[in-house]
Structures are given as C-alpha cells and as structure tokens.
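One structure is given here, and the rest of the page talks about it.
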Amino acid sequence: EQFFALLRALANTYHVAYVTSSHEDLQKMCHNADIADSPFFNIFSNLILRPFSREEALELIKTPSAQAGIPLERHADTILALAGHFPLFLQIACSAVFELLTADPNAELDWQRVREAFMEEARPHYQSVWDHFDEPVRESLASLVGGKTVGAKYTYVKDDLVRRGYIVESGNAASLCSSSFRDFVAEQTGKGTRGGIRRSLLRKKNKTGHKVFPFRVECGKISRPPSK
C-alpha cells in the first residue's frame, strides 16, 4: 500500500503520468483488499479502445494496398464482413487476401481459402478474448448466435459489449461484430449448424510461408514498414 501511495505522490508532485493497458479495470485486477482500497487508482481514467469506424476501416483496407500495387477496395465489403472493424483482424484479413492476389491482382478470389488463412491466424486471438469473458458475457453472445435476444437480466452485459465493439446494434437488432467471430462463438457454445461451423473454421497450413500485408497501424496512423 505504501508503494502505491508513493506512486500517487509522485504523480501529484511531479510531471509524471502513468499509462496502463489491461483487459479489465485496474481495481478488478487487484487481489489484495488493501491494494484495491488504495487512493492511487483514483487518479486513473478509463479509456475503452474501440474498433474503427467504417470510414477508418475502409481507409485501412484501401490506402496501403493501393500503395503496394494490389488494391483491395473492390473486396472491402467482404473483408469487413469477415473481420469486422477491429484493426488487428482487419490486417489479418487483408494479409490473407493480399497474399492470394500477389500472383494475379485481377484473379477471382477463393474466399474459402481466405477464410481458412484468416482463421489460422485470428483464432488464437479470439480464444484469448473468449478466455477473458465471464459466464454472463458468454451466455449473452450465445443467445445472439442462437438467434435470440439478450435477456433483460443481462442488459448491462450487452451494453458493455456494444461499448467494446463485440456487439453491433442496428435499430432494434443486435449481432456479433463479424461473421468469423460469430462462427467462433458458435463453435465454443455449440450453437449454429455443425457443418457450417466446421467449414468456416477449417484451418489450412500454409506451407509456403505467410506474407505480411504491407502496412501497420501505430499510434492511430497508417504507415508502411521500412524497406529491408
């Protein structure tokens, strides 16, 4: 407790700022009651890192690929449906599409192969997200995947998932943020059609190696990596 009191004193006395990144609020992560009651945590404000807007997501799809000579604009809607608006999953999806178009940018895409390549890389991230969800969150997501609405007792859960970008609302309807995340949740909860889930989550080993999509997102800016 004295340690955290010292940290708070430093922030109050000097030009010191603390930035933390976590799945949960800091108070929830404190295992000791003495630490949880420390005034140190009162100096923080929570900032939810939300997904991109549609305009930002489209820019992430179109601009770097066009600069690399293989524009993905004509595939943007399908990429958004597959990956949603989270920057990480958008980059994974774009990388999968970019790799298949490298040999022939005008070729007709095999979206099943795209989906397989996407899930190969995205699946561990989805699993990590799922592992951090508690039971009310999992039940709420399972309800939506099963074609039901989130129950009244879990309205607060749905509101939080909307705020964090895992659920998207359109009018009175709510759905999961992407088709790939929906299929992953369906697999975890046993919802949906078994065959459809198996096909959508089929993973294929890429024996030729993975080519990284030629851009990155850093501090909210899009840039190309340095040439080697």
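Between Tyr126 and Met119 the shortest side-chain heavy-atom distance falls below 4.5 Å. Within the 4.5 Å cutoff, the side chain of Val162 has no heavy atoms near those of the Val168 side chain. Looking only at side-chain heavy atoms (C-beta outward), Glu56 and Pro87 stay at 4.5 Å or farther from each other. With a 4.5 Å cut-off on side-chain heavy atoms, Arg115 and Ser180 count as touching.
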Identify all side-chain donor-acceptor contacts of residues 133-142 below 3.5 Å with residues at least two apart in sequence or on another chain.
unit_1, atom_1, unit_2, atom_2, d
Asp134, OD1, Val137, N, 3.1
Arg138, NE, Trp130, O, 3.4
Arg138, NE, Phe133, O, 3.4
Arg138, NH2, Trp130, O, 3.0
Glu139, OE1, Tyr154, OH, 3.4
Ser140, OG, Pro136, O, 2.8

Counting only pairs under 3.5 Å, give me each side-chain donor-acceptor contact of residues 3-20, with atom names and distances, residues two or more places apart or in other chains.
unit_1, atom_1, unit_2, atom_2, d
Arg8, NH1, Pro39, O, 2.5
Asn12, ND2, Arg8, O, 3.3
Thr13, OG1, Ala9, O, 2.8
Tyr18, OH, Leu7, O, 2.7

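Note that CD of Gln127 and CD of Glu187 are 8.5 Å apart. Values are rounded to the nearest 0.5 Å. Residue Lys62 holds its NZ atom at 11.5 Å from CG of Leu60, rounded to the nearest 0.5 Å. In this structure, Gln91 CD and Glu121 CD are separated by 9.5 Å, a value rounded to the nearest 0.5 Å. One finds the CG atom of Leu144 at 10.5 Å from the OG1 atom of Thr189 (value rounded to the nearest 0.5 Å). Atom OG of residue Ser53 and atom CG of residue Leu58 lie 8.5 Å apart, to the nearest 0.5 angstrom.
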Does the side-chain contact (heavy atoms from CB on, under 4.5 Å) test come out yes or no for Ser65 and Ile70, once each step is laid out?
-> CA-CA 5 Å; Ser65 61; Ile70 304 180; 5.6 Å; no

Step-by-step side-chain contact (heavy atoms from CB on, under 4.5 Å) determination, Cys94 to Leu72 | CA-CA 8 Å; Cys94 287; Leu72 302 183; 4.0 Å; yes

Step by step, work out the side-chain contact (heavy atoms from CB on, under 4.5 Å) result for Ser175 and Arg182.
-> CA-CA 8 Å; Ser175 60; Arg182 180 194 63 219; over 6 Å; no

Hey, mind stepping through Arg123 and Asp183 against salt bridge (Lys or Arg N to Asp or Glu O under 4.0 Å) and telling me if it holds?
-> CA-CA 11 Å; Arg123 187 182 184 83; Asp183 288 347; over 6 Å; no

Criterion side-chain contact (heavy atoms from CB on, under 4.5 Å) on Lys158 and Ile167, from CA distance to verdict = CA-CA 7 Å; Lys158 187 190 76 172; Ile167 290 178; 4.0 Å; yes

Go through the steps for Arg54 and Asp77 under the test salt bridge (Lys or Arg N to Asp or Glu O under 4.0 Å), then give the verdict.
-> CA-CA 10 Å; Arg54 178 176 174 82; Asp77 287 339; 3.0 Å; yes

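Heavy-atom contacts from other residues, nucleotides or ligands closer than 6.0 Å to CD of Glu169 number more than 12.
Qualifying side chain to side chain contact (heavy atoms under 4.5 Å, CB included) partners for Ala57, counting only residues two or more places apart in sequence or in other chains: Phe52, Leu80, His85, Leu90. With sequence neighbours excluded, the residues that form a ring-ring contact (aromatic ring centres under 6.0 Å, His included) with Phe86 are Tyr166. Remark: Arg50 engages Ile48, Arg163 in a side chain to side chain contact (heavy atoms under 4.5 Å, CB included) (not counting sequence neighbours). With sequence neighbours excluded, the residues satisfying side chain to side chain contact (heavy atoms under 4.5 Å, CB included) with Ser143 are Lys148.
The same ILVMFWY cluster, assembled from side-chain heavy atoms under 4.5 Å apart, contains both Phe41 and Ile43. By the rule that hydrophobic residues join a cluster once side-chain heavy atoms approach within less than 4.5 Å of another member, Phe184 and Trp111 end up as members of one cluster. Note on Leu101: it clusters hydrophobically with Ile92, by side-chain heavy-atom contacts below 4.5 Å among ILVMFWY residues.
A donor-acceptor pair is defined here as one N or O able to donate and one able to accept, closer than 3.5 Å; such a pair exists between the side chain of Thr155 and the backbone of Ala152.
The two residues Cys177 and Gly165 have their closest heavy-atom pair at CB-O, 3.2 Å. Here the closest heavy-atom approach between residue Asp110 and residue Leu100 is recorded as O-CD1, 4.1 Å. Pairing each heavy atom of Ala117 with each of Ala96, the nearest pair is CB-CB, 4.0 Å. In plain terms, the two heavy atoms of Ala83 and Ser178 that are nearest each other are C-CB, 3.6 Å.
Ring orientation note: the planes of Phe89 and His125 are nearly perpendicular, at an angle over 60° on the 30°/60° scale.
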